[in-house]
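Quick notes on the structure that follows.
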Amino acid sequence: MAVDGNHKMWGDLHRPDLTPEQTDFSIIGIPFDGLASARKGAASAPERIRYWSHHVTSFSEDRTRLKDLTVCDLGDINITLPESDFELVRQKVATLPNMPIIMGGDHSVTIPILQGQRLRYKDQRLGVLWIDAHPDLCDFFDGSKLSHANTMRRALEFGIEPHDVCMVGLRSWEDQEIDLIENSGIHVYTAADVAERGMKNVADSVYNILNDCDAVHISLDIDCLDPAYAPGTGIPEFGGLSSRDVLTLIKGTQGLSLVGLDVVEIAPPLDPSESTVFAGLKIIMEYMAVIARMKQSQ
Ligand SMILES: [Mn+2]
């Protein structure tokens with residue numbers, strides 16, 4: 001890959017000389033979109049996000065210095081057969097010595113990510129902040145139990161408790177999801193709720209719920225954003241969150257026991273402007289800033 005940016009990878013935070021044991025974050029790409037039901041394209045997201053990471057600086061938008069953080073970019077995990085290859089992701093996440101930041105891929109890749117986190121934090125209360133237009137609670141979709149519409153259903157089956165899940169940005173439903181949404185105890189904040197209450201209010205509510213957890217993983221599907229902000233995704237849903245809403249929510253997680261992030265469903269071929277890629281990159285860098293501020297205040 002030709003590199004013509006002003007910075008080294010990840011805004012100069014990448015340290016190819018260091019191991020995961022010696023760094024704050026392991027960044028992993030999973031260039032797989034074989035289980036996206038509509039338009040594909042998310043497989044090229046890791047390459048495009050990495051490419052543009054040479055152009056970001058080591059400051060967050062509020063000028064938090066990221067320079068004291070270090071990144072070990074572990075490259076990609078390639079998936080050919082999800083039924084067997086998802087195990088590679090599960091094992092990697094379960095055994096990492098530092099914090100994973102993972103780039104999809106379609107949202108199916110979060111199935112083994114959450115399984116890995118469940119293994120890593122076993123016997124602890126693992127919460128999930130799910131930021132998405134869709135709950136992805138289908139049992140069976142497109143002939144598969146591992147599709148990108150099944151992710152949270154599978155997560156509930158392997159031991160993530162519904163009352164430790166907060167879903168923000170929802171605005172589209174399948175019939176087979178309604179019972180869990182209405183009766184399981186999952187905390188739901190629709191995109192319309194956010195518009196009505198304001199994201200600061202919603203973020204405070206999410207914080208108070210997930211603050212009871214020993215470990216909190218954030219899974220962000222870029223289709224949480226309104227297509228005006230992120231058109232490059234398989235299933236754009238009108239009426240979504242604004243860029244500012246998402247940044248307010250990420251910032252509002254500061255203080256929680258954060259243990260990882262995945263950003264999925266960015267489909268670069270569907271957005272020639274690459275604004276959707278830049279959105280994902282910004283979200284990753286602002287998540288790192290949350291961790292930086294937590295380290296500085298320790
Ligand atoms: Mn999703």
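Quantities reported herein were computed from a predicted structural model and do not represent experimental measurements. For ligands, and for the atoms within them, numbers begin at 1 and follow the listed sequence.
Defined by atom type and a distance below 3.5 Å, a donor-acceptor pair is present between the side-chain atoms of Ser219 and Asp262. A donor-acceptor pair shorter than 3.5 Å cannot be found between the side chains of Ser205 and Asn208. Side chains of His107 and Asp132: a donor on one and an acceptor on the other come within 3.5 Å.
Looking only at its N/O/S atoms, Asp136 has OD2 as the one nearest to the Mn ion (ligand 1). For Asp221, the N, O or S atom closest to the Mn ion (ligand 1) goes by the atom name OD2. Distances from the Mn ion (ligand 1) to each N, O or S atom of Asp132 single out OD2 as the nearest.
Residue side and main chain included, His107 places an N/O/S atom under 2.8 Å of the Mn ion (ligand 1).
A cation-pi geometry, defined here as NZ or CZ lying under 6.0 Å from the six-membered ring centre and within 45° of its normal, holds between Arg48 and Tyr51.
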